[in-house]
Amino acid sequence: MKEGLLIYGCYGYTGKLISEHAVQLGLKPVLAGRDEQRTKSLAETLKLSHLVFDLSDENSVMDNIRDFKVVLHCAGPFMFTSEVMANACIKTKTHYLDITGEISVFEKIFRMDKAAKEAGIMLMAGVGFDVVPTDCLALYLKEKLPDADCLEMALLQKGGKLSHGTAITVAENMAEGGAVRREGKIVKIPAGTLTRMIDFGDKKRNTVAIPWGDVSTAYRTTGIPNITIYNYVPESVIRGMKLSNYIGFILRMDFVKRRMIKAIKSRPAGPTEEMRKHARGVIWGEVKNASGKTKVALLDLPEGYTLTAWTAVKIAQNILTNEPPSGAKTPAQVFGSNFILQFEGVKRTDI
């Protein structure tokens, strides 16, 4: 019988937090990554075993993961790394988890549903801040209004900053515009052009539609055909998003992306421990049915990277101890709308 957890991409900002939290909870994952020195160093610090391999050859990946029950994949941008790892998991009958927030990756994983079922394994992308809390809130609102045909959610971050991995993913997708779901289909929209004023409980803020992962996942979880996800950002950022619609061809150039990524890597890797301790997040959600009836709720959260470590490890723990359903799944599909409430600092409020 297969057992054990492999954390791939263990030494990245989020991968390190996940690895450390797993050890705090008494788990003994095997750490893995492509950089031998960084992988070995973290493994020695945490007193864990480690493997070193890259994702360039699927057969090599299969050889390294075949003895594990679960792979928790933390090496992004996942648009470049998820497919080979997910395919290797299907072929070795290993459960697959990742911490992506990219719509294209979710859609790719969902297209592997049949193969995952035939292999008897579960594929679950987005086991971190994107999309566990939003997925749980979406399902909760759907349960409150079962005939809802429109879902809108908005995100507010108070404090903190982006990790290198998240910032690089943003840079890679900067020229791709926004995305919403309309009548069941994912539709591209110009960046920065769809806004909504949202009351987050303390005050109203102007938010802008973003291509957040729930445009993909919330549809799978709830079946709601019209989905828009907003984010609060300064007005200057919204103006920059609008500008990107006109200079997208420049942002897509390889040398421009390389310069942006180099600049990102020259900065600190992510929020400090002190920042994470004090930062907070809020998710606002609303569903509406055809007659105009609405249900609204707020979800108060701890800082996003901290929450990602907690949710990712908890989901991995659950799979290690209980065989999950097979196929490509979302977090709330498997664990329910109340899954997020077990974590410290999480509070859900009906409005």
Side-chain angles (χ1 to χ4, degrees), residues 4-25 27-43 45-46 48-56 60-61 64-65 68-89 94-102 104-106 108-109 122-133 162-170 172 213 217 261 264-265 269-271 276 303-320 331:
L5 168 65
L6 179 76
I7 300 176
Y8 187 84
C10 64
Y11 51 76
Y13 181 85
T14 312
K16 184 171 182 286
L17 290 179
I18 288 171
S19 300
E20 290 170 343
H21 185 61
V23 170
Q24 289 168 4
L25 294 186
L27 297 180
K28 292 289 185 181
V30 173
L31 304 186
R34 66 179 182 178
D35 186 300
E36 182 171 6
Q37 182 176 351
R38 296 172 73 186
T39 304
K40 182 180 179 181
S41 175
L42 182 60
T45 299
L46 297 179
L48 298 172
S49 300
H50 72 281
L51 297 170
V52 178
F53 62 96
D54 63 31
L55 304 180
S56 60
S60 173
V61 177
N64 281 282
I65 71 171
F68 295 93
K69 184 174 183 180
V70 186
V71 166
L72 175 48
H73 180 40
C74 303
F78 296 92
M79 61 191 294
F80 302 129
T81 67
S82 61
E83 188 169 11
V84 64
M85 183 64 84
N87 279 329
C89 283
T94 304
H95 299 298
Y96 170 91
L97 307 174
D98 74 33
I99 54 171
T100 190
E102 303 162 57
S104 63
V105 175
F106 287 117
K108 188 182 298 180
I109 295 297
M122 186 179 76
L123 306 176
M124 182 178 287
V127 298
F129 173 66
D130 193 1
V131 293
V132 173
L162 297 181
S163 71
H164 282 174
T166 305
I168 290 170
T169 298
V170 171
E172 291 283 359
T217 56
I261 291 170
I264 289 166
K265 290 182 176 180
R276 289 191 290 107
E303 187 273 336
Y305 291 103
T306 298
L307 185 60
T308 290
W310 294 352
T311 58
V313 173
K314 184 61 178 178
I315 288 172
Q317 268 188 316
N318 285 345
I319 298 171
L320 288 170

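Nothing fancy with the numbering, it's 1 onward along the sequence. Atom set for the values below is all heavy atoms of this structure, side chains included, hydrogens, waters and symmetry mates excluded.
By the 4.5 Å heavy-atom criterion applied to side chains, Tyr11 and Ser19 are not counted as neighbours. Using a 4.5 Å heavy-atom threshold, the side chains of Thr14 and Phe129 count as separate. With contacts defined as side-chain heavy-atom distances shorter than 4.5 Å, the pair Leu97/Met122 qualifies.
Partners of Asp35 according to the side-chain hydrogen bond (donor to acceptor under 3.5 Å, both in side chains) rule, which considers only residues two or more places apart in sequence or in another chain, do not exist here. Under the salt bridge (charged side-chain N to carboxylate O under 4.0 Å, His left out) criterion, Lys108 pairs with Glu83, sequence neighbours left out.
Of the inter-residue distances, the one linking Leu46 atom CG with Glu20 atom CD reads 6.0 Å to the nearest 0.5 angstrom. Rounding to the nearest 0.5 angstrom, the gap separating the SG atom in Cys89 from the CD1 atom in Ile65 is 4.0 Å. Residue Leu48 holds its CG atom at 10.0 Å from CG of Leu27, rounded to the nearest 0.5 Å. A distance of 9.0 Å separates CG in Asn87 from CG in Leu123, rounded to the nearest 0.5 Å. Atom CD1 of Ile315 sits about 9.0 Å away from atom CG of Leu72, to the nearest 0.5 Å. Rounding to the nearest 0.5 Å gives a distance of 10.0 Å between OG1 of Thr45 and CG of Leu31.
Counted within 6.0 Å of CZ on Arg38, heavy atoms from surrounding residues, nucleotides or ligands total more than 12; the atom is thus considered enclosed.
Between the side chains of Asp54 and Ser56, at least one donor N or O lies within less than 3.5 Å of an accepting N or O. If you check the side chains of Thr81 and His73, you find a donor sitting under 3.5 Å from an acceptor.
Thr311 places a side-chain N or O within donor-acceptor distance of the main-chain N or O of Val127, the cut-off being under 3.5 Å. Side chain of Glu102 to backbone of Phe78: a donor-acceptor contact under 3.5 angstrom is found.
Ring pair Phe53/Tyr8 is tilted by interplanar angle, where 30° to 60° counts as tilted.
Listed here is the closest heavy atom pair of Ile319 and Lys69: O-NZ, 3.0 Å. Closest heavy-atom contact between Gly126 and Pro331: O-CG, 3.6 Å. Residues Gly15 and Cys74 share a closest heavy-atom pair of CA-CB, 4.0 Å. Considering all non-hydrogen atoms of both residues, Ala309 and His21 come closest at O-CD2, 3.5 Å. Shown here for Ile109 and Ala125, the closest heavy-atom pair between the two residues is CG1-CB, 4.2 Å. Minimum interatomic distance between Gly128 and Pro133 (heavy atoms only, all atoms of both residues): O-CD, 3.8 Å.
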Practice item. Applying side-chain contact (heavy atoms from CB on, under 4.5 Å), run through Ser82 and Thr100 and close with a yes or a no. Key: CA-CA 9 Å; Ser82 61; Thr100 190; over 6 Å; no
Point to revise | Worked verdict on Asn64 versus Leu6 for side-chain contact (heavy atoms from CB on, under 4.5 Å) | key: CA-CA 9 Å; Asn64 281 282; Leu6 179 76; 5.8 Å; no
Review point. For Val61 and Met85, what are the C-alpha separation, side-chain angles and deciding distance, and is it a side-chain contact (heavy atoms from CB on, under 4.5 Å)?
Key: CA-CA 7 Å; Val61 177; Met85 183 64 84; 3.8 Å; yes
**Study point:** Derivation and outcome, side-chain contact (heavy atoms from CB on, under 4.5 Å), residues Leu17 and Thr306
**Key:** CA-CA 7 Å; Leu17 290 179; Thr306 298; 5.6 Å; no
